[in-house]
Asks: 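There's a structure below that I have some questions on.
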Amino acid sequence: MKNILVIGSTGQIGSELTTELRRTYGGDHVVAGYIPGAEPKGELAAGGPSAIADVTSGEQLAEVVKKYQIDAIYNLAALLSVVAEQKPRLAWKIGIDGLWNVLEVARENKCAVFTPSSIGSFGPSTPHELTPQDTVQRPKTIYGVSKVTTELLSDYYYLKYGVDTRSVRFPGLISYVTPPGGGTTDYAVDIFYAAVRGEKFICPIAKGTRMDMMYMPDGLRAAIELMEANPDKLIHRNGFNVTAMSFPPEKIYAEIRKWKPDFKMEYQVDPLKQAIAESWPDSLDDSAAREEWGWRPNFGIGAMTRDMLEKLTEKLG
Ligand code: SER
């Protein structure tokens with residue numbers, strides 16, 4: 001039976017991925033890694049073991065990996081794009097120095113490693129329409145620089161040491177469980193909270209600005225399916241373009257209005273978020289993921305909107 005460590009288990013992706021992995025592999029086999037101050041609570045704390053696993057300490061990671069005989073690490077420690085611009089040194093320390101520690105521990109203990117990349121790994125000179133799998137990646141944000149480095153360093157550990165590294169380039173992930181913090185695509189989550197609370201939404205992204213998005217259940221499936229994929233079929237490793245939908249703010253607003261006709265939105269464009277959004281693809285070509293490991297999204301914008309509104313209404317009472 002496989003033993004898994006999730007680093008960043010209380011974050012936006014980690015909190016749901018840990019639960020999903022426990023459903024698949026059994027609660028006792030999935031360790032919820034966290035940093036002090038972000039302890040697992042509720043279902044996450046009750047559903048299986050947890051351990052302090054700070055990426056900035058290689059020794060601490062090695063201890064946890066040995067203690068629980070870990071075979072696979074989902075390394076979700078990172079700062080999102082906007083907050084990373086405010087703390088570039090910290091973004092690098094967590095994203096890259098931290099990744100180095102994870103990869104070293106994986107090499108010594110023969111673990112597979114999943115470290116997400118992002119649409120943020122692309123830049124202004126990337127082709128924006130149907131962005132190919134293999135293309136120009138010259139991001140101008142520290143988030144992007146660290147994600148390109150993540151891809152390259154993960155590939156390097158595979159090629160040089162045979163560490164089984166795999167990743168996807170996640171689009172904006174939309175979920176009703178744990179809110180994201182400090183990303184450019186956060187608006188596509190925040191808009192649902194405003195709609196359900198009956199508040200007017202102030203949109204920080206300009207009309208017409210398209211970005212790729214995905215509903216969290218598809219995102220979790222992408223990570224797990226890639227890690228389970230037959231390695232003989234993988235031509236790429238770090239990281240695969242994956243997408244489920246691409247929309248500008250007015251499109252998601254219109255979708256929500258189908259269910260909430262009184263919902264109002266106003267634009268107050270945030271210059272930093274807007275510049276980042278404009279530098280990212282308008283739509284990704286994810287055919288490599290489809291061909292090499294059978295990737296398919298289940299949720300389009302309509303099904304996602306309906307489910308988000310329903311679940312968030314339950315959650316917010
Ligand atoms: N959701 C991320 C962000 O907006 C992109 O991967 O920073």
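As the structure is a prediction and not an experimental result, all values here were calculated from the model.
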Asks: Measure the spacing between CG of D186 and CD1 of I191 and express it to the nearest 0.5 Å.
Replies: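 The CG atom of D186 sits 13.0 Å away from the CD1 atom of I191.
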
Asks: Atom OG1 of T243 and atom CG of L284: how far apart are they, to the nearest 0.5 Å?
Replies: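 Between T243 OG1 and L284 CG, I get 5.0 Å after rounding to 0.5 Å.
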
Asks: Does the pair R107/E104 count as a salt bridge with the N-to-O cut at 4.0 Å?
Replies: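 Yes, this pair counts.
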
Asks: Check the hydrophobic clustering (I, L, V, M, F, W, Y; side-chain heavy atoms under 4.5 Å; chains of links allowed) and say if L5 and I35 are grouped together.
Replies: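 Result: no, two separate clusters.
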
Asks: Evaluate the side-chain proximity of T126 to W280: yes if any heavy-atom separation is below 4.5 Å, no if none is.
Replies: no

Asks: Going by distance alone, is a donor N or O of one side chain under 3.5 Å from an acceptor N or O of the other, for Q274 and T209?
Replies: yes

Asks: Does N109 reach the main-chain N or O of V105 with its side chain, forming a donor-acceptor pair under 3.5 Å?
Replies: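 At least one qualifying donor-acceptor pair exists.
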
Asks: Does S167 reach the side chain of T150, with side-chain heavy atoms less than 4.5 Å apart?
Replies: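 Answer no - side chains too far apart.
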
Asks: Short question: side chain of N241, backbone of D285 - any donor-acceptor pair under 3.5 Å?
Replies: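 Judged by distance alone, yes, a pair lies under 3.5 Å.
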
Asks: Would you mind listing every side-chain hydrogen bond (donor to acceptor under 3.5 Å, both in side chains) that reaches into residues 220-231, with sequence neighbours excluded?
Replies: K2-E228, Y25-E228, D218-R221, R221-E225

Asks: Is the number of heavy atoms from other residues, nucleotides or ligands under 6.0 Å of K110 NZ greater than 12?
Replies: no

Asks: Between S9 and L44, what is the shortest heavy-atom contact and its length?
Replies: O-CD2, 3.2 Å

Asks: Minimum heavy-atom separation for P249 and C203, please, with both atom names.
Replies: CB-SG, 3.7 Å

Asks: Check ring pair (Phe, Tyr, Trp, His ring centres under 6.0 Å) between F122 and all other residues, then give those that pass, not counting sequence neighbours.
Replies: none

Asks: Determine yes or no for a side-chain-to-main-chain donor-acceptor pair under 3.5 angstrom, with N75 supplying the side chain and T115 the backbone.
Replies: no

Asks: If you define the side chain from C-beta out and look only at heavy atoms, does anything of C111 sit under 4.5 Å from V65?
Replies: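 In contact.
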
Asks: Going from CE on M245 to OG1 on T305, what distance comes out if it is rounded to the nearest 0.5 angstrom?
Replies: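 Between atom CE of M245 and atom OG1 of T305 there are 7.0 Å.
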
Asks: Quick check on R296: does its CZ atom have over 12 non-hydrogen neighbours (other residues, nucleotides or ligands) under 6.0 Å away?
Replies: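 More than 12 within 6.0 Å, yes.
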
Asks: Quick one, L61 and I7 - any side-chain contact, counting heavy atoms below 4.5 Å?
Replies: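 Yes; the side chains approach each other to less than 4.5 Å.
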
Asks: Taking side chain to side chain donor-acceptor pair (under 3.5 Å) as the criterion, tell me which of E151, K147, Q137 meets it with S117.
Replies: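 Exactly one candidate clears the test, E151.
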
Asks: Quick one: CG on L309 to CD on E255, what's the gap to the nearest 0.5 Å?
Replies: 10.0 Å

Asks: Return yes if some donor-acceptor pair links the side-chain N/O of E250 with the main-chain N/O of K207 below 3.5 Å, else return no.
Replies: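 No, E250 side chain to K207 backbone: no donor-acceptor pair under 3.5 Å.
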
Asks: For E292 and I235, indicate whether the former's side chain and the latter's backbone hold a donor-acceptor pair under 3.5 Å.
Replies: yes

Asks: Hey, is D286 close enough to R169 for a salt bridge, meaning N to O under 4.0 Å?
Replies: no

Asks: Taking only residues two or more places apart in sequence or in another chain, which ones pass ring pair (Phe, Tyr, Trp, His ring centres under 6.0 Å) with F263?
Replies: Y253

Asks: Check for me, please, whether V189 and I119 land in the same ILVMFWY cluster - side-chain distances under 4.5 Å, paths through other members count.
Replies: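 Both belong to a single hydrophobic cluster.
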
Asks: May I ask you to list the residues sharing a hydrophobic cluster with I96, side-chain cutoff 4.5 Å, ordered by chain and number?
Replies: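 Hydrophobic cluster check, I96: joined to W92, I142, V145.
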
Asks: State, with a plain yes or no, whether a side-chain heavy atom of Y74 is found less than 4.5 Å away from one of I224.
Replies: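 Yes, side chains in contact.
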
Asks: Could you tell me whether a side-chain N or O of Q133 sits under 3.5 Å from a main-chain N or O of H236, the two making a donor and an acceptor?
Replies: no

Asks: Are D97 and K93 close enough for a salt bridge, meaning some N to O gap below 4.0 Å?
Replies: no

Asks: When clusters are formed by joining ILVMFWY residues with side-chain heavy atoms under 4.5 Å apart, either directly or through shared neighbours, do M211 and M308 land in the same one?
Replies: yes

Asks: With sequence neighbours excluded, tell me which residues meet side chain to side chain donor-acceptor pair (under 3.5 Å) with K200.
Replies: E266

Asks: Side chain of H29, backbone of R22: donor and acceptor closer than 3.5 Å?
Replies: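 It does not hold such a pair.
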
Asks: For a side-chain contact (heavy atoms from CB on, under 4.5 Å) check, start with the C-alpha distance between F192 and I174, then their side-chain angles and the critical distance, and finish with the verdict.
Replies: CA-CA 9 Å; F192 283 98; I174 298 173; 4.2 Å; yes

Asks: Give me the ring orientation class for F170 and F114: parallel if the planes are under 30° apart, tilted from 30 to 60°, perpendicular past 60°.
Replies: perpendicular

Asks: Cluster question for you: counting only ILVMFWY and a side-chain heavy-atom cut-off of under 4.5 Å, with indirect links fine, are F201 and L316 together?
Replies: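 Yes.
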
Asks: Enumerate the residue pairs fulfilling side-chain hydrogen bond (donor to acceptor under 3.5 Å, both in side chains) with a member in residues 38-51, sequence neighbours excluded, ordered by first and then second residue.
Replies: none

Asks: Output, in order, the C-alpha distance, side-chain angles, deciding distance and verdict of side-chain contact (heavy atoms from CB on, under 4.5 Å) for Y193 and K315.
Replies: CA-CA 10 Å; Y193 278 83; K315 179 179 162 178; 3.2 Å; yes

Asks: Kindly work out whether a path of hydrophobic side-chain contacts (I/L/V/M/F/W/Y, heavy atoms less than 4.5 Å apart) joins I4 to L76.
Replies: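 Result: yes, single cluster for both.
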
Asks: Can you find a heavy atom in the side chain of R210 that is under 4.5 Å from one in the side chain of S283?
Replies: yes

Asks: Between I52 and P36, is there a side-chain heavy-atom distance shorter than 4.5 Å?
Replies: yes

Asks: Using atom types as modelled and distance alone, determine if a side-chain donor or acceptor of D71 lies under 3.5 Å from a backbone N or O of N3.
Replies: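 At least one qualifying donor-acceptor pair exists.
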
Asks: Where does the angle between the aromatic ring planes of Y176 and Y215 fall among parallel (under 30°), tilted (30 to 60°) and perpendicular (over 60°)?
Replies: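 Because their plane-to-plane angle lies in the 30° to 60° range, the rings of Y176 and Y215 count as tilted.
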
Asks: Would you name the heavy atoms of L80 and P180 that are closest together and state the gap between them?
Replies: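 Answer, listing the atom of L80 first, then P180: CD1-CB, 4.0 Å.
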
Asks: If you round to the nearest 0.5 Å, how far is CG of L99 from OH of Y157?
Replies: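 CG of L99 is found 8.5 Å from OH of Y157.
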
Asks: Just wondering, are more than 12 heavy atoms of other shown residues or ligands nearer than 6.0 Å to CD1 in I94?
Replies: yes

Asks: Using every non-hydrogen atom in the two residues, find where T19 and S15 come nearest and quote the distance to one decimal.
Replies: OG1-O, 3.1 Å

Asks: Any idea which heavy atoms bring A91 and A84 closest together, and the distance?
Replies: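 Shortest heavy-atom contact: CB-CB, 3.7 Å.
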
Asks: If I compare all heavy atoms of K251 with all of I301, which pair ends up nearest, and what's the gap?
Replies: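 Shortest heavy-atom separation between K251 and I301 comes out as CG-CD1, 3.8 Å.
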
Asks: What distance do I73 atom CD1 and M227 atom CE have between them, rounded to the nearest 0.5 Å?
Replies: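 The CE atom of M227 is 9.0 Å from CD1 of I73, to the nearest 0.5 Å.
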
Asks: Could you check whether atom OH of Y158 has more than 12 heavy atoms from other residues, nucleotides or ligands sitting under 6.0 Å from it?
Replies: no

Asks: Before you tell me yes or no, could you show the steps for V177 and M216 under side-chain contact (heavy atoms from CB on, under 4.5 Å), namely the whole-Å CA-CA distance, both residues' side-chain angles and the distance that decides it to 0.1 Å?
Replies: CA-CA 9 Å; V177 179; M216 189 62 90; over 6 Å; no

Asks: So does E85 pair up with K273, basic N to acidic O under 4.0 Å?
Replies: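 Salt bridge: no.
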
Asks: When you compare the side chains of S81 and T184, does any donor N or O come within less than 3.5 Å of an acceptor on the partner?
Replies: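 Judged by distance alone, the side chains do pair up.
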
Asks: Can you check whether P124 reaches K140 side chain to side chain, under 4.5 Å on heavy atoms?
Replies: yes

Asks: If the plane angle is over 60° it's perpendicular, under 30° parallel, otherwise tilted; pick one for Y161 and Y156.
Replies: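 Rings of Y161 and Y156: perpendicular, as their planes differ by over 60°.
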
Asks: More than 12 heavy atoms of other residues, nucleotides or ligands under 6.0 Å from CZ of R306: is that the case?
Replies: no

Asks: Checking the side chain of S279 only, and the main-chain atoms of G123 only, is there a donor and an acceptor separated by less than 3.5 Å?
Replies: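 Judged by distance alone, no pair lies under 3.5 Å.
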
Asks: Between S246 and D282 (side chain of the first, backbone of the second, donor and acceptor by atom type, cut-off under 3.5 Å), is there such a pair?
Replies: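 Side chain of S246 to backbone of D282, a donor-acceptor pair under 3.5 Å: yes, one is there.
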
